[in-house]
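Note that ligands are numbered from 1 as they come in the structure, with each ligand's atoms numbered from 1 the same way. Positions are given from 1 along the sequence.
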Amino acid sequence: MSVKTLFLAGTSALLLAACQQATNGSEPEVTETPPVVEEDLWTHGAMVAAADPRAVEAGLEALRNGGHAVDAAIAVHTVLGLVEPQSSGIGGGAFMVVYERESDEMTVYDGRETAPMAIDENLFVENGEVLGFLDAWQSGRSAGVPGAIALYKTAHDAHGKNAWASNFEAAIDLAADGFVVSPRLAGTLADPRLRQFTRLDDHPVSAAYFYPEGEPLAEGAVRDNPGYAETLRRIATDGIETFYIGENAEAIVATLAEDPRPSVMTVEDIAGYEVKVRPALCGEWRDYRICSAPPPSSGGVTQNAIPGLYDRLLPEEGDDAFAPIRAFVDAQRLAYADRDHYVADADFVQVPAMDLINPDYLDVRATEVFEPDAVPTPGDPGVALGGNPMVGMWGQDPTEDAPGTTHFSVVDGDGNVVSMTATIEAPFGNSRMVNGYLLNNELTDFARQPRKSNLPVANAPAAGKRPRSSMSPTIIFDEEGDLKMVTGSPGGNSIVAYVSKTVLAVLDWGDTAQQAAARPNIIARGESVGVEVDVEGGQEIADQLTALGYNVEERRGENSGLHLIVVTEEGLDGGADPRREGVALALEE
Ligand code: GLU
């Protein structure tokens, strides 16, 4: 909790003098009463939690130089794009949720990749057949116009304190000098099964970068990336137009026009990219206020619906120690079914986002718990809230995605916050490289099958539309409106489950940030419940759920990347997912 202090503005020395005079028996000369100002001091320090120590250090350096959390975020993300290229980068998109403490304002910067103007709902349909995920992924068509760079600019214009160019320095230096390849990156490149899917070898520029002489970059090798350094240098000195107009845009178009399945993206599509500045989607849960990104992100809807349903599903009494896990599983099953059906780009389709987290709807929805072996179906907030039925507006959503994303959390020395999840969609995006960075395959986050049972699917492709995202960058406030927690994760569809695990673990189960990140993941979407059995406690959960009749899928090697910060009485408590290579570090006092 922050300390609220009363003090007398700007006149303390004068007052002291006046008091001293008064005690000497003479009349004080001060006649005006100085104004009383309430100053809300941030006393908890600053922290950065992200997927790589070099990115965390870049963020801390930005903060040391007096930067805002947004400055640190740009420094963090440009380094991640270099050292963790499988997960995100400037060829992709992101959602950044910013909390500005002095004005008590939340803003969401939606830098989601956008579909070219020449596509239609049949983007992934050929001769009447829906393309398989791998064919859709490994195609020029899967790329959306990248949004990360425009997001940096819009957020920096609104919040930045450090010079724009300074936020790129760490990444430029590391790209020019070379960075040490981490075990995780090396392992990803060396995995023969993944290599078949990513098909980096099919693209000469990517193959030469990641498989020099045909061999995967080895752990500990030093890899430089002059193309990335140069791209960032231009953006830093000449502005983001160097990315969206001219040579770079032409290179993106040319690369995506290559086989297989060339894209129809044009330089006009790239020049026309717009960051959407949106209000955060916030809801009340217990004494907390949970805020995350609105559609096309699923964050705001699911991170409110799951805790809300969880509370309604917890038995009022009894000493069943497993009851919270069961309530969490059933809450997820209901919330995922709703999310899958309704959430899409609200600039294109009607999304009942606030209805889906309305307490009256959650009261009704919580009565619809499905048998453990049933496949959950969506609820109808229209009917539940006394309006027109809604569920029949849309066909059943078949969207799949593959994990390739990163999340980081920043709290700066003034208590401003960034919660940002960034992506290129699948590992290494669509595997095509331009000017030192990988392009994304984000459009596979659309429903590839645009209609189901003759009904349009809400998340079907359309020109200029943004695909639905599972990314859930979240910020939570306590009963006094003070910052409590910053969280988020990569992990494709499972993001929703990973992030809500940390929310309940910290706020209801008493975990530290690190314990919450490390806990076994439980993903209850659709017909089965995935349980991470290679983490302590996971097998017991799997066995208990199986005994209750759930269709349990025992999972190993889960792909969460939770990087969270919790405000405690003792200060900031950081957590970094042990499944990745990140750290959470406080800025030295
Ligand atoms: N592209 C996915 C989304 O935006 C995220 C993929 C991942 O987390 O790896 O929801």
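In summary, the side chains of Ser298 and Arg339 do present a donor paired with an acceptor at a separation below 3.5 Å, with no hydrogens or angles considered.
Against a heavy-atom cut-off of under 4.0 Å, Thr405 is close to the following atoms of ligand 1: 5 (C), 6 (C), 7 (C), 8 (O), 9 (O). Atoms of ligand 1 lying under 4.0 Å from at least one heavy atom of Pro490, given by number and element, are 8 (O).
Proximity of Arg112 to ligand 1 is established by a heavy-atom distance of less than 4.0 Å.
Between Glu532 and Lys501 there is no salt bridge, since no side-chain N of the basic residue sits under 4.0 Å from a carboxylate O of the acidic one. A salt bridge links Arg278 to Asp110: at least one charged side-chain nitrogen sits closer than 4.0 Å to a carboxylate oxygen.
Among pairs with a residue in residues 190-200, those fulfilling salt bridge (Lys or Arg N to Asp or Glu O under 4.0 Å) read Arg195-Asp201, at least two apart in sequence or across chains.
Contact annotation: for Glu442 versus ligand 1, heavy atoms closer than 4.0 Å belong to the side chain alone. The residue Asn493 has no part lying near ligand 1, judged by heavy-atom distances below 4.0 Å.
Looking at Ile495 next to ligand 1, no N or O pair under 3.5 Å apart turns up.
When the heavy-atom distances from atom 3 (C) of ligand 1 to Thr423, Ile424, Asp445 are ranked, the shortest goes to Asp445.
The OG atom of Ser489 sits 11.5 Å away from the CE atom of Met471 when rounded to the nearest 0.5 Å.
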